[in-house]
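None of the values given here were measured: they were computed from a predicted structure. All residue numbers in this chain count up from 1 along the given sequence.
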Amino acid sequence: MTSNPPPDGRPYSRVLVVDDDASVRTVLRLALHRDGHDIREAANGREALELLPGWAPDVVVSDLLMPQMDGIELLRQARATDDTLGFVVLTGVGTTAQAIQALRLEADDYLLKPFDVEELSISVKRAIERRALVRQNRYYQQCLEMRVAQLGQQLERLTAEALISLAGAVEARDGYTGAHLERVTRYSQAVGAELQLDRDKLRTLWIGSLLHDIGKISIPDRILNKPSALSTEELEVMREHPRLGAAILEQSSFLSPAVPAVLHHHERWDGGGYPFGLQRGEIPIEARVLAVTDAYDAIVTDRAYRARRSEDTAMDELRRCAGSQFDPEVVEAFIQARERGFPEPVAPRFWHTDLLAPGLVAAA
């Protein structure tokens, strides 16, 4: 049964009255209706539970001892569904143990029959106010968390833009033509996805791919863009760029997770690489991926000291060096990713940030 609130514009809340005694329900309904509440009634806890999902009351005023389901069980199940729900226990035969159990389940109040109407009104009002405060606090918390997330995304976007600009400055000094770093980053992300790397590793791989040659900033132009083979001494200087790049990234807590990828991207699967001669699983997976994608793009790109070669030649080279220079599993993942088609950037400069903050691409 529903009792509508008086049509005088007063604010009201929804109160569910639960008691197996119809006369008690009538008294409760009339008393609470006087306060302007919208009232519904149930004869037992099971009937009340059936009303909760569709009607969503603010407060339940329930008897303790009822057939089919008592007030304590109703309190337990109702709060499991909505822990902000107000709940006032009203009983004439309750024990101390039941009162303690009700309070442990965080009932708002425990009143004894015969009840005082004013006391009931105050208890219901307090329960409504508590519910409102809890819901309001949660709303503010959600808003705060959302705002913090938005600010974090904005910060990461700005950081990503700065990294892309920095990578562009590095690339401008090198002998590559045509967005080598962006291509290597795209290839690496596709291969990482093929290998089912987790989000943190994909993020690290993104940074490492974009900045894997940042150490070349410290390499003299005469060596970096020499149009012929490097001498032994020049080669030693060039081989310092992974260490130099790692040293730069170590200065930033945001970039430092990518240090292993940058430091070890010239290691070889068979242990013949540099700077430390690591082999097989000793080489971080991000570096193993980067070694393959960087080598592929180097083969198909014009350099100061040689012309580009075909993609088929590059693929043959990767297959030939799988198990010696490259991790065979990574080479196979590259082959699979290439067959699927390397994805094009959704937005030319901001596609990378999707790995830094979910949903950011859509806003770019």
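- Interatomic distance, D297 CG to D294 CG, rounded to the nearest 0.5 Å: 7.5 Å.
- For the pair E267 (side chain) and I283 (backbone), a donor-acceptor distance under 3.5 Å is absent.
- Both L197 and F334 belong to a single network of hydrophobic side chains, linked directly or stepwise wherever heavy atoms of I, L, V, M, F, W or Y lie under 4.5 Å apart.
- Note that the OG atom of S62 and the CG atom of D70 stand 8.5 Å from one another [nearest 0.5 Å].
- Residues Y274 and V237 do not share a hydrophobic cluster, clusters being chains of Ile/Leu/Val/Met/Phe/Trp/Tyr side chains in contact below 4.5 Å.
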(request) List the steps and the verdict of ring pair (Phe, Tyr, Trp, His ring centres under 6.0 Å) for H241 and H212. (result) CA-CA 9 Å; H241 80 270; H212 69 276; 8.0 Å; no
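- Rounding to the nearest 0.5 angstrom, the gap separating the CG atom in L318 from the OG1 atom in T293 is 9.5 Å.
- The cluster map of Ile, Leu, Val, Met, Phe, Trp and Tyr, joined by side-chain heavy atoms under 4.5 Å apart, puts F342 and V300 in the same cluster.
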(message) For S310 and D312: C-alpha separation, side-chain torsions, deciding distance, then whether side-chain hydrogen bond (donor to acceptor under 3.5 Å, both in side chains) applies.
(response) CA-CA 5 Å; S310 70; D312 288 341; 5.3 Å; no
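- With hydrophobic clusters built from ILVMFWY side chains whose heavy atoms lie under 4.5 angstrom apart, I299 does not share a cluster with V331.
- Of all non-hydrogen atoms in S218 and L244, the two that sit nearest each other are CB-CD1, 3.7 Å.
- Using modelled atom types, one side-chain atom of R130 and one backbone atom of L85 make a donor-acceptor pair closer than 3.5 Å.
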(request) Go through the steps for S209 and T185 under the test side-chain hydrogen bond (donor to acceptor under 3.5 Å, both in side chains), then give the verdict. (result) CA-CA 5 Å; S209 299; T185 302; 4.8 Å; no
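- Distance CG/N44 to CG/L74: 9.0 Å, rounded to 0.5 Å.
- R308 places no side-chain N or O within donor-acceptor distance of the main-chain N or O of A298, the cut-off being under 3.5 Å.
- Residues I214 and V184 are members of separate hydrophobic clusters, defined by side-chain heavy-atom contacts under 4.5 angstrom among Ile, Leu, Val, Met, Phe, Trp and Tyr.
- Classification of R138 and D83 as a salt-bridged pair holds, one side-chain N sitting under 4.0 Å from a carboxylate O.
- Remark: the backbone N or O of G45 is not paired with any side-chain donor or acceptor of E73 at under 3.5 angstrom.
- Note on K216 versus D213: salt bridge recorded, some NZ/NE/NH1/NH2 to OD/OE distance being below 4.0 Å.
- Residue-environment remark: CD (Q279) exceeds the threshold of 12 foreign heavy atoms within 6.0 Å.
- Taking the side chain as every heavy atom from C-beta outward, I335 and E339 approach each other to under 4.5 Å.
- Side chains of L32 and V59 form no contact here, defined as non-hydrogen atoms less than 4.5 Å apart.
- The side-chain heavy atoms of V88 and L111, taken from C-beta on, include a pair separated by under 4.5 Å.
- The backbone N or O of T204 sits nowhere less than 3.5 Å from a side-chain atom of K201 that would complete a donor-acceptor pair.
- Between the side chain of E236 and the main chain of T232, no donor-acceptor pair closer than 3.5 Å is present.
- With R14 contributing its side chain and W55 its backbone, the two residues share a donor-acceptor pair below 3.5 Å.
- Remark: the backbone N or O of V117 is not paired with any side-chain donor or acceptor of S121 at under 3.5 angstrom.
- At a cut-off of 3.5 Å, with distance as the only test, a side-chain donor of S23 or D21 sits close to an acceptor on the other residue.
- Using modelled atom types and a 3.5 Å distance limit, the side chains of S231 and E234 yield a donor-acceptor pair.
- Across G245 and V262, no two heavy atoms sit closer than the pair C-CG1, 4.0 Å.
- At least one cation-pi condition fails for R131 and F87: the charged atom is not both under 6.0 angstrom from the six-membered ring centre and inside a 45 degree cone around its axis.
- Contact detail for D108 and G86: the closest heavy-atom pair is OD2-CA, 3.2 Å.
- When all heavy atoms of I223 and L230 are compared, the pair lying nearest together is O-CD2, 3.6 Å.
- Formation of a donor-acceptor pair under 3.5 Å by the D82 side chain with backbone atoms of T84 is found in this model.
- Between the side chain of R40 and the backbone N or O of V15, no donor-acceptor pair lies under 3.5 Å.
- Using a cutoff of 4.0 Å between basic side-chain nitrogens and carboxylate oxygens, E194 and R340 are scored as salt-bridged.
- Here the shortest heavy-atom pairing between Y296 and M315 reads CE1-SD, 3.7 Å.
- A distance of 12.5 Å separates CZ of F326 from CH2 of W269, quoted to the nearest 0.5 Å.
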(request) Report the C-alpha distance between E317 and R320 in whole Å, list the side-chain angles of each, state the deciding distance to 0.1 Å, and finish with yes or no for salt bridge (charged side-chain N to carboxylate O under 4.0 Å, His left out). (result) CA-CA 5 Å; E317 186 72 6; R320 184 181 68 81; 2.6 Å; yes
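- Taking both residues in full, the closest heavy atoms of G208 and L290 are given as O-CD2, 3.8 Å, listed atom of the first, atom of the second, then distance.
- For E145, the CD atom counts as densely surrounded, since its 6.0 Å shell holds more than 12 non-hydrogen atoms of other residues, nucleotides or ligands.
- Contact annotation: the side chain of D35 never approaches that of V124 to less than 4.5 Å [non-hydrogen atoms, C-beta and beyond].
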(message) Under the criterion side-chain contact (heavy atoms from CB on, under 4.5 Å), I'd like the reasoning laid out for R46 against M66: C-alpha separation, chi angles, the key distance, then a yes or no.
(response) CA-CA 10 Å; R46 192 172 302 282; M66 296 178 292; over 6 Å; no
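- Shown are R25, K113, R29; of these, the salt bridge (Lys or Arg N to Asp or Glu O under 4.0 Å) with D19 is made only by K113.
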(request) Take E118 and R34 through the test salt bridge (charged side-chain N to carboxylate O under 4.0 Å, His left out) and record every step on the way to the result. (result) CA-CA 11 Å; E118 291 303 321; R34 184 199 63 180; 3.3 Å; yes
(request) Tell me, with the steps shown, if E311 and R338 meet salt bridge (charged side-chain N to carboxylate O under 4.0 Å, His left out). (result) CA-CA 11 Å; E311 292 186 7; R338 183 171 179 267; 3.0 Å; yes
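- Annotation: the span from Q189 atom CD to L210 atom CG amounts to 10.0 Å, rounded to 0.5 Å.
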